[in-house]
Amino acid sequence: MTRIAYLPLEIAQNIGAHLPNSSLVVLCCTCKNLYQTLLPLFYRHVQLSQLYHLPMFIDTLYFNSRLRPSLNQTIRSITLTFTVDTLILDMLSCLCPQATALKVIQAKTDIPAILHPSIVKKYRDLVFPNRVPCPARPLAALFNHPHLTSLTLQWSHDPFSAGHCTVFCSLPRNLLDLSLKPGYHSVSVSVVSMLHQSCPKLQALEIHAESFDSISNRHHLVIAENHSLKRLSLCSEEPWPQPWQWFWFIGKKYAHQLCDLTMKGRNTVTNTDHADMELCYTVFAQQHAASLKSLGLFDLFTGDQFWECMRAQPACRLTHVRLDIPDFFATANSVTRPSRLQVAFQYYKATVCSFQLTLPSPPIHTYPHNGLTQVSEALRELEGCHRLTELTLTVPSLNGVHTDTGTIPVNDLLQRCSQLTRLDLQKSTLFMSPRPSNSYHPLVALHLTRCFLREGFLATAFADLPCIKSFTLDQSVVLLDKPNIFPKDPMYLNLPRAKDIALTIRSLCVDVGREHLHFSFGRITLMHTQNDPHPLTWTASQMGMVDPKGKLIVNIPQSEGPAEQRPQGVRSMSLHLQVLVSSVDSLNFEGSALVKK
C-alpha cells in the first residue's frame, strides 16, 4: 500500500482537507514532509477567542508567509470573538488575501479591550510600512478585498471611533452575505439603502438592531430598487413602532428576487392608522405575495389586514412559514370571528411544506380551558395541509404548571397531519388523547426538546411509528403517574417497530413532585424484543457510561443545556430506563456513544 508521505503534494493535501484537526495533528507529527504539506490546512478556518491570540496569529502569518507562501493562502474563514478596530480588520485583510468569510462577534458581557499602542504600532509598521498614522479612509484594505463574500459584524459596543455609518460605507463591494448587529445603534431605511449602495451584489442581509426607526415623510423618499437580494432578516429586541411602514419600504425597495423574509420585534400598537396600514401592506403584497417562498413573523403585530392583502394577490408560492403569535387568539365562534391563525393560514394550505408555530401561554384567568382551545384550533387549521412534511410546534407551559396548559395531543396531531416526515415539539406538555390513532404514519424524525412527558406516554406514544429513523429527547422531564412515590420498576421507552434508528437522549430527568426535585437516570437497558434474552445494560459513572464488562465507553462529560434551561435541583439516582427498539443504528445517552454506526 502506498504511503501517504510519498503521494504527490496535491493528492496529500486533498486527503488532508477531508480530515479533522485531531487526525491532522497525528499526520503532521510523523515526518517533516507531511508537516510541511499539511500544516497550512490547520488554518483553513481560524477561530480566535481572546485578544492576546491576535499578535501570535499575525506573527505566524507574517513571518511564515516568506517560508511557506501557501500558509496564508489557505485561510478561508476567520472568526474573532473580541473587540477589534478598523486597523485590525485591515491587517487581516492584507494577510489573508484568499479568505472568503470573516466574523467579528462580541458578546454583550465582553469588556472592550485594546492592544497596547506599542504593539499596534509594531504590526502597523510591519503590514503597512508606508501608511500614515491616520488614514483618510478606514477599512481601505477590507474594502478592496478581492475574495471576501461573507461578513458578520456583531458588537454590543461601538468599537469604531469613525462611527458605524463610516464603516458601513467601507464594506467590500463583492459581499454576497452580510450580517450586522450594530450595538446600541438604531437602524433607519437610509442605513439599509447605504448598505446596498456599498455592496450592490448582496444576496442575503441580516440585521439585529436595538431598534428600527419609524419612517417619516416616506412619500418624499427616493428609493432605488434592488434586484439582487434574495434573503432579508430584520430583528429588533425593542418595541417596533409602526412596523407596517417597513413592509412598505420592503415592497418599494426589493424586486421579485426576494424569496425569504424574516421580521422580529416586540409587539406594540399605538395610534393605529388603519388606512395607512392597509396601504403599506398592499404595496408589500403587490410586490412580494407571489414571489415569497419563506416568511417568518415573530412577536410582530401585523393584524388581519396583512393576510387579507396577501391573500388578494394571485399565484402564491409560500412553502415555509414561521409564526410566533404574540397574543392569545382563541375565539368562541370561528365562523363569524375567525382566529388570527385561520386568517393567516387558510390561503397557504395548498403550498406550505414547512411550518413553525409558537403559541403563547394562555392567560392565567382563562386557565385551563383556553390552554386546550388554542391547541385545538391550531390542529384544526393544520388539517388539510397535504404538502406539510415538516412541523415545529411550541406551546410554552406556565411556570410551575406541567398539566392542562400548553398541552399537545400527539396522536391527534399525527392523525391530522398524515404527511409529516419531521416533527419538532418544544417547551410543551405532551399527552395521548382518547382519539384512536392510525396504525401507520410516515414520520421519519421526531425531536422533543424541553418537554414534559407522562410516565406512561413514553411506553405507548411511539408504538406505531415504523418509519422513524431519528428520535431525540433533549432536556425533557418525565412526570410520574403517582407523584411523591419513587418508581421501583424501570421506565419504558418503546419503539418496537423502529428499524435502524438513531436514538439520542440528553438531560432526561424525572419530576417526583417534591418541591421541584428532579432525579436523573443512572442505568439504561437496550432490548430488541419484549423478551430479549441478551439485553445490554450500561451504568452511569463520573467518567461516562460503563458497559456490563466494566469497560468505559467514553470519557466525555454529560452534555447539558444553558443553566437557565436546566431543571433546578437535579440529583443523581439509579433510575432505570429500558429502551425497546427493533434495531438501532446509533444510541447516544448523556453524551456517551453507547452504540456507534
Side-chain angles (χ1 to χ4, degrees), residues 189 211-219 221 223 232-236 239-254 256 258-352 355-360 374 377-378 380-381:
V189 293
S211 61
F212 287 88
D213 296 337
S214 60
I215 304 175
S216 59
N217 300 324
R218 66 172 185 267
H219 300 292
L221 290 177
I223 301 176
L232 176 64
S233 177
L234 303 176
C235 301
S236 172
W240 195 329
Q242 299 179 341
W244 54 87
Q245 295 183 349
W246 278 82
F247 281 95
W248 172 87
F249 172 75
I250 294 172
K252 289 290 187 179
K253 178 67 178 178
Y254 302 106
H256 298 294
L258 185 65
C259 59
D260 187 342
L261 174 64
T262 300
M263 298 183 70
K264 178 181 179 182
R266 289 173 54 186
N267 184 26
T268 173
V269 181
T270 57
N271 301 325
T272 304
D273 186 348
H274 293 282
D276 183 66
M277 183 188 301
E278 183 176 1
L279 174 62
C280 294
Y281 289 152
T282 301
V283 171
F284 173 83
Q286 289 176 349
Q287 183 76 329
H288 298 298
S291 60
L292 276 180
K293 295 182 179 180
S294 179
L295 176 63
L297 300 177
F298 301 94
D299 290 335
L300 192 68
F301 177 81
T302 54
D304 297 345
Q305 289 178 313
F306 172 80
W307 300 106
E308 292 172 356
C309 293
M310 293 286 287
R311 190 166 60 249
Q313 305 301 319
C316 170
R317 299 174 58 189
L318 198 63
T319 58
H320 302 274
V321 181
R322 306 179 303 279
L323 297 179
D324 188 343
I325 307 298
D327 54 7
F328 185 65
F329 65 91
T331 57
N333 191 333
S334 59
V335 177
T336 59
R337 184 172 177 262
S339 67
R340 179 175 300 178
L341 180 62
Q342 182 178 353
V343 173
F345 201 54
Q346 61 183 354
Y347 184 58
Y348 303 107
K349 285 187 176 183
T351 60
V352 169
F355 189 35
Q356 177 182 334
L357 176 64
T358 300
L359 301 177
Q374 65 168 353
E377 285 195 5
R380 185 167 58 248
E381 296 307 320

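Heavy atoms only: backbone and side chains are in, while hydrogens, waters and symmetry mates are out.
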Peer 1: Of all residues at least two apart in sequence or in a different chain, which pass the side-chain contact (heavy atoms from CB on, under 4.5 Å) check with His320?
Peer 2: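 Partners of His320 by the side-chain contact (heavy atoms from CB on, under 4.5 Å) criterion, ordered by chain and then number, come out as Ser294, Ser354.
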Peer 1: Is any side-chain heavy atom of Met310 closer than 4.5 Å to a side-chain heavy atom of Phe284?
Peer 2: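 Yes; the side chains approach each other to less than 4.5 Å.
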Peer 1: Among residues at least two apart in sequence or on other chains, which ones pass side-chain contact (heavy atoms from CB on, under 4.5 Å) with Ser236?
Peer 2: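 Result, side-chain contact (heavy atoms from CB on, under 4.5 Å) vs Ser236: Ser211, Phe212, Glu238, Trp240.
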Peer 1: List in chain and number order the residues that pass side chain to side chain donor-acceptor pair (under 3.5 Å) with Gln245, two or more places apart in sequence or in another chain; answer none if no residue qualifies.
Peer 2: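 Checked Gln245 against side chain to side chain donor-acceptor pair (under 3.5 Å); matches are Gln242.
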Peer 1: What I'd like to find out is whether the side chain of Ile250 reaches to under 4.5 Å of the side chain of His288, using heavy atoms alone.
Peer 2: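 Ile250 reaches His288 side chain to side chain.
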Peer 1: Take Leu295 and Val321, measure what side-chain contact (heavy atoms from CB on, under 4.5 Å) needs, and give me the verdict at the end.
Peer 2: CA-CA 5 Å; Leu295 176 63; Val321 181; 5.6 Å; no
Peer 1: Under 4.5 Å between any side-chain heavy atoms of Phe355 and Tyr348, yes or no?
Peer 2: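 No, side chains not in contact.
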Peer 1: NZ of Lys349: more than 12 outside heavy atoms within 6.0 angstrom?
Peer 2: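 Buried by this count: over 12 neighbours within 6.0 Å.
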Peer 1: Mind checking what makes side-chain contact (heavy atoms from CB on, under 4.5 Å) contact with Thr262, not counting sequence neighbours?
Peer 2: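 By the side-chain contact (heavy atoms from CB on, under 4.5 Å) rule, Thr262 matches Ser233, Asp260, Phe298, Arg322.
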Peer 1: Restricting to non-hydrogen atoms, name the atom on Cys309 and the atom on Ala285 that form the minimum distance, rounded to 0.1 Å.
Peer 2: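 In terms of heavy atoms, the two residues are closest at O-CB, 3.4 Å.
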Peer 1: Take Leu261 and Tyr254, measure what side-chain contact (heavy atoms from CB on, under 4.5 Å) needs, and give me the verdict at the end.
Peer 2: CA-CA 11 Å; Leu261 174 64; Tyr254 302 106; over 6 Å; no
Peer 1: As an exercise, state the distance from CG of Leu221 to CH2 of Trp248, rounded to the nearest 0.5 Å.
Peer 2: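 The CH2 atom of Trp248 is 5.0 Å from CG of Leu221, to the nearest 0.5 Å.
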Peer 1: Using a 4.5 Å cut-off on heavy atoms from C-beta on, say whether the side chain of Val189 contacts that of Trp246.
Peer 2: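 Answer yes - side chains close enough.
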Peer 1: List the residues meeting salt bridge (charged side-chain N to carboxylate O under 4.0 Å, His left out) with Asp276, not counting sequence neighbours, and say none if there are none.
Peer 2: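 Salt bridge (charged side-chain N to carboxylate O under 4.0 Å, His left out) list for Asp276, sorted by chain: Arg218.
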Peer 1: Within a strict 4.5 Å, meaning less than it, do heavy atoms of the Leu357 and Leu323 side chains meet?
Peer 2: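 In contact.
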Peer 1: Could you check whether any side-chain heavy atom of Phe247 comes within less than 4.5 Å of a side-chain heavy atom of Met263, counting everything from C-beta outward?
Peer 2: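 Yes, their side chains come closer than 4.5 Å.
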Peer 1: Given Tyr281, which partner from the list Gln305, Gln286, Glu308 fulfils the side chain to side chain contact (heavy atoms under 4.5 Å, CB included) test?
Peer 2: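 The passing option is Gln305.
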Peer 1: Which residues satisfy the side chain to side chain donor-acceptor pair (under 3.5 Å) test with Gln287, sequence neighbours excluded?
Peer 2: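 Here the qualifying residues are Glu225.
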